[in-house]
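Reviewing the structure listed below.
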Amino acid sequence: MAAGLQVFGQPAFTDVARVLTCLFEKNLKFELIRIDNFKKEHKLPEFIKLRDPTGQVTFKHGDKIIVDSRAICLYLCTEFPEDGNRTIYGTGSLERASIEQWLQAEAQSFDAPSSGLVFNLAFAPQLNMAPDEARIVENEKKLQQTLTVYDEILAKNRFLAGDEFTLADLSHLPNSHYIVSSPRGKKLFTSKKHVARWYDAISSRQSWKQVVKMQTEHPDSFE
């Protein structure tokens, strides 16, 4: 049974949302320590200052400290294989290799353009900043190319790494959620039949609904 799991960050941040979703999928108990509270009180833990200056996400389990959200998810699945969703990291070496390849693909091809769209379509308005239209168009084209490849794969598989929901799908949820929440961004997903079906399936999972509820009930400050 898991004990002493701590997540430092704000649920509104995509990296934090990714980790929280994994924790809920694994049905692990954890303590969420909101960074904004520490900043207001000028009590940001020293290990966070040293490890992650941005303060977006830090995970602590005993003496173990991890700051990359994808690495945190892999750690949780490896450290607690029998808890919660047992197939989220595959059931054999080949499945795990495929999932890890997808995590790399998401980080390299999906994350950059989608993060750019998340900032301009979702965060910029809350920061009273004018969206950068040139950047939006540029990132739309890049993401469109990536989703075209996804659509071809999802025409054959229910999910990215096969017929089961895994970390490969989970990792895409935070950015996709913010993009689909805007009418302009939603078209990128709904215009592709298989991508649209896939997103509906992964965003309907109870683990993700819990994260969205956390974001809604306690909106984080973007100041």
Side-chain angles (χ1 to χ4, degrees), residues 6-24 31-46 48-59 67-70 72 106-147 170-192 195-196 199-200 202-203 207-223:
Q6 293 180 308
V7 178
F8 295 78
Q10 297 171 300
F13 288 136
T14 54
D15 282 347
V16 179
R18 181 177 291 113
V19 172
L20 294 178
T21 307
C22 187
L23 284 162
F24 285 132
E31 178 185 11
L32 174 63
I33 302 172
R34 296 176 184 272
I35 292 297
D36 53 346
N37 292 337
F38 279 102
K39 287 182 178 178
K40 291 175 183 176
E41 299 172 13
H42 305 290
K43 295 180 181 178
L44 192 65
E46 290 300 320
I48 293 183
K49 292 180 182 178
L50 292 173
R51 298 268 184 159
D52 184 16
T54 66
Q56 283 206 350
V57 61
T58 298
F59 171 80
V67 297
D68 178 81
S69 60
R70 295 169 190 83
I72 294 170
E106 182 270 325
Q108 295 171 3
S109 302
F110 182 88
D111 185 67
S114 63
S115 293
L117 289 174
V118 167
F119 179 79
N120 280 287
L121 297 178
F123 288 0
Q126 298 192 48
L127 293 166
N128 295 317
M129 296 175 61
D132 187 330
E133 180 63 24
R135 290 297 303 278
I136 292 176
V137 172
E138 176 187 356
N139 286 316
E140 281 178 331
K141 290 180 179 178
K142 291 180 180 179
L143 188 59
Q144 183 86 4
Q145 293 174 346
T146 298
L147 292 179
L170 183 155
S171 194
H172 289 79
L173 271 168
N175 281 6
S176 297
H177 170 73
Y178 281 118
I179 294 172
V180 171
S181 295
S182 73
R184 181 169 181 174
K186 187 174 184 179
K187 293 179 181 178
L188 291 169
F189 285 74
T190 58
S191 64
K192 300 188 183 303
V195 167
Y199 178 73
D200 284 343
I202 65 175
S203 61
S207 59
W208 179 246
K209 289 182 177 180
Q210 287 177 271
V211 174
V212 173
K213 183 179 179 182
M214 292 175 70
Q215 295 173 338
T216 304
E217 291 182 342
H218 189 117
D220 294 306
S221 171
F222 290 91
E223 298 177 358

Are any of the side-chain heavy atoms of [X] and [Y] separated by less than 4.5 Å?
X	Y	result
Arg135	Phe119	no
Leu170	Arg18	yes
Phe110	Leu147	yes
Leu121	Pro131	no
His177	Val211	no
Ile179	Leu143	yes
Arg70	Asp111	yes

So which atom in [X] and which in [Y] form the shortest heavy-atom distance, rounded to 0.1 Å?
X	Y	result
Gly116	Asn139	CA-ND2, 3.6 Å
Ala17	Pro11	CB-O, 3.7 Å
Ile33	Gln6	CD1-NE2, 3.6 Å
Gly9	Leu32	O-CD1, 3.7 Å
Ala196	Thr190	CB-CA, 4.0 Å
Lys209	Ser203	CG-O, 4.3 Å

Any donor and acceptor pair, going by atom type alone, linking the side chain of Tyr178 with main-chain N or O of Ala12 inside 3.5 Å? yes
Begin from the C-alpha positions of His172 and Tyr199 and carry the test side chain to side chain contact (heavy atoms under 4.5 Å, CB included) through to its verdict. CA-CA 9 Å; His172 289 79; Tyr199 178 73; over 6 Å; no
Roughly how far, to the nearest 0.5 Å, is [atom2] of [Y] from [atom1] of [X]?
X	Y	atom1	atom2	value
Leu173	Cys22	CG	SG	11.5 Å
Asp15	Asp68	CG	CG	7.5 Å
Glu133	Glu140	CD	CD	7.0 Å
Ser114	Glu106	OG	CD	7.0 Å
Lys142	Ser109	NZ	OG	11.0 Å
Trp208	Leu20	CH2	CG	9.0 Å

